[in-house]
Trainee: 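Sharing a structure here in structure tokens format.
Each chain gets a letter, A, B and so on, in the order its sequence line appears, and its residues count up from 1.
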There are 2 protein chains.
Amino acid sequence: MAVEPEAEPAARRTTIADVASRANVSTAAVSKVLRNAYGVSPAMQERVRAAIAELGYRPHAAARGMRGQTYTIGVLIPDLRNPFFPELIEGIGEHLAATDYQALLGPGGSTPESQARITEAMIDRRMDGLIMIAPVVPRAQLEATARTVPTVVIGRHGRSAEFDAVVDDDVTGAGLIVDHLADLGHRRIAHIEHRDTTRGIPTTMPQTVRADGYRQAMARRGLTDEIDVVPSTYSEAGGYAAARELLARPRRPTAIFAGADVAAIGVLNAVHEAGLRIPEDISVAGYDNTSIAAMGPISLTSVDQDGRLMGSNAARLLLERVEGKRRRSVLMSLSPTLVPRRSTGAPPVNP
Amino acid sequence: MAVEPEAEPAARRTTIADVASRANVSTAAVSKVLRNAYGVSPAMQERVRAAIAELGYRPHAAARGMRGQTYTIGVLIPDLRNPFFPELIEGIGEHLAATDYQALLGPGGSTPESQARITEAMIDRRMDGLIMIAPVVPRAQLEATARTVPTVVIGRHGRSAEFDAVVDDDVTGAGLIVDHLADLGHRRIAHIEHRDTTRGIPTTMPQTVRADGYRQAMARRGLTDEIDVVPSTYSEAGGYAAARELLARPRRPTAIFAGADVAAIGVLNAVHEAGLRIPEDISVAGYDNTSIAAMGPISLTSVDQDGRLMGSNAARLLLERVEGKRRRSVLMSLSPTLVPRRSTGAPPVNP
DNA sequence: TTGAAAGCGCTAACAA
DNA sequence: TTGTTAGCGCTTTCAA
């Protein structure tokens, strides 16, 4: 076969065949080097690597996927605005950086339908594994997905034999806030819960577990009579509406525990509007310890979940499954910590 | 050929061949129906569609990509924490929803190296087109990418023959803030600029253009002598440090215009710490009109860019190129609007 | 209008 | 250890 002249059609991308002929080996050999597979002599390794470098060859991920893997991990991310998610993504990226895998994010939206669509799209693209952040699809659907492709679920309680799960212990987290407020002397501690009206939303979502944790902790502190849960949504508007309702009560709470920082911001707005001071007149706490909570003018007491750690663990668990090292499912529950700030203090003497 | 019994190996996913045999047509015919290609009779259309529905067939995107397209659009997103980006993503999704294309996000990080890595990864996966949000890679590299795959750049000024660009008119935007403050009576208006020390960062980034717009507007208002640009970073810490510096000046500004909301938050912190009131003692303005700016306790005057519109336009332009409908490059510049809030007011009488 | 057949770039099974 | 070869699921000529 004649040596190819340099004047090629120009547009063609270098393939494994180019590398093979340059290194005078078979394409199979190149493929083995690419995958660090067994059965290549050091000398051949060397030659192939040199050819790859000279040609600037990059394997075509989709073509690899036709027979083997795509080296792509799909991450379903429901809401880009949730300031907790970037930490998860960073944690995932941190773990994957040392591997050959690349994460791509699927913007899933907040409805079961849109999330299902993106999940399908990721499966259609033969992703090697899926990390699903707080998915709202029915459990059965989740398990069906997990039977198709290795899956790890983040932030949704309840275990399954089909997929691994990484969660923060939201019962403990809610307890941290209640204990903190009770220790400060509060008794009338209200809670704002996220109540999704969409049908089929599982009860294993963090919002439900946080509300349960709140109830348990109140009971533990002998405050069963003071339990006061306002159903609303984890959003600024939701927090605002719930706080307006709470502030209008004849016997209003001395502390409001919103199940998410973003809702706590809405509470702050309502409290300011009502002309009340924080924390002198009323204490406010959130959950998630997002960057907003740390902002000076906000300074919101919150619960910190180690998102980076959750993300990197999720990635680790996923790769174990992708590489077939483990078949049994794992539930990993991490401990949250309290981050007290200026939005909580002792209750007023005569509330 | 014998009819396949139902007891198949179970795991196999339905392929185009399954659909073809079910509909009693060739795989080529199915392929044509899938792509709405020319040359299929209505009757065959009908039969094939029925078979697809019955079998719940979904095309394998990666395999399609081997010959044709992957129907995947890659979106490079540098910083998930930037609250402006979700709007762009929504705009992109909005436009793509009506098409067969699916967007996947590549978490690009903020360094040229990490962004280049993800860009490569997206090209390796044969994405049909790329939308790059405020990329910090050198222009030459951007053009090389654009020659490989259709590309649209968002939020980076300067045009190119190789790619389309969608930008907000940051010169006008900065002018809106300066005019607003000058109309209120301010003269000593300082500006906080993002100065990236990484080498090779192009001068076409929004931060540079915003600073230019500030200078032009100050000059236009006859305030050339008052021009005061503090180099820092678009981050809370960056805004804080810059504000500390400005507040320490013997003749301190009566208004601080931070080039981004996130930096303005840092300014608010520093101002509060210094025991000054907003806006009575000092006015503060940001840029981007992020959700943080709208929060009650913050109420930051800002500049709104229509992110959804930018995103959907970028997607539209990209698909025009992907589908080969246009070869000449387009630069689309949108107009920002001022959103005045409580953080700006008349300057103190004796500053 | 329809279908047969040849790839796309790679991996895996197997033979040498 | 190395190479040959047969696909993976689809699209695209090109003939019928």
Trainee: Could you check whether B/S31 and B/R35, counting side-chain N and O atoms only, form a donor-acceptor pair closer than 3.5 Å?
Mentor: yes
Trainee: Looking at side-chain heavy atoms only, is the closest gap between A/I73 and A/L96 below 4.5 Å?
Mentor: yes
Trainee: Are A/R117 and B/Q102 side-chain neighbours, meaning at least one heavy-atom pair lies under 4.5 Å?
Mentor: yes
Trainee: Give a yes or no on whether a salt bridge exists between A/R49 and A/E54, defined as a side-chain N under 4.0 angstrom from a carboxylate O.
Mentor: no
Trainee: Can you find a pair of side-chain heavy atoms, one from A/S110 and one from A/V136, that are under 4.5 Å apart?
Mentor: no
Trainee: So which of residues 39-50 of chain A are in contact with DNA chain D, with a heavy-atom cut-off of under 4.0 Å?
Mentor: A/G39, A/V40, A/S41, A/M44
Trainee: Rounded to whole angstroms, how far apart are CD1 on B/I52 and P on D/dG9?
Mentor: 16 Å
Trainee: Evaluate B/T72 against A/R125 for side chain to side chain donor-acceptor pair (under 3.5 Å), listing each step before the verdict.
Mentor: CA-CA 9 Å; B/T72 310; A/R125 283 156 185 79; 2.6 Å; yes
Trainee: Listed by chain and number, what are the side chain to side chain contact (heavy atoms under 4.5 Å, CB included) partners of A/A28, not counting sequence neighbours?
Mentor: A/S26
Trainee: If we fit an axis to the first five pairs and another to the last five of the helix from C/dT1-D/dA16 to C/dA16-D/dT1, what angle do they make, to the nearest 10°?
Mentor: 40°
Trainee: Please identify each residue that fulfils ring pair (Phe, Tyr, Trp, His ring centres under 6.0 Å) with A/Y57, with sequence neighbours left out.
Mentor: none
Trainee: Taking atom types as modelled, find out whether A/T148 and A/T145 have a side-chain donor-acceptor pair closer than 3.5 angstrom.
Mentor: no
Trainee: How long is the line joining CZ of A/R125 and C1' of D/dC10, in whole Å?
Mentor: 14 Å
Trainee: Would you give a per-nucleotide map of nucleotides 6-16 of chain C, 5' to 3', where B means the base has a protein non-hydrogen atom under 4.0 Å away, S means only the sugar-phosphate does, and - means neither?
Mentor: -BBBBBB----
Trainee: Which pairs pass ring pair (Phe, Tyr, Trp, His ring centres under 6.0 Å) with one or both residues in residues 123-147 of chain B, sequence neighbours excluded?
Mentor: none
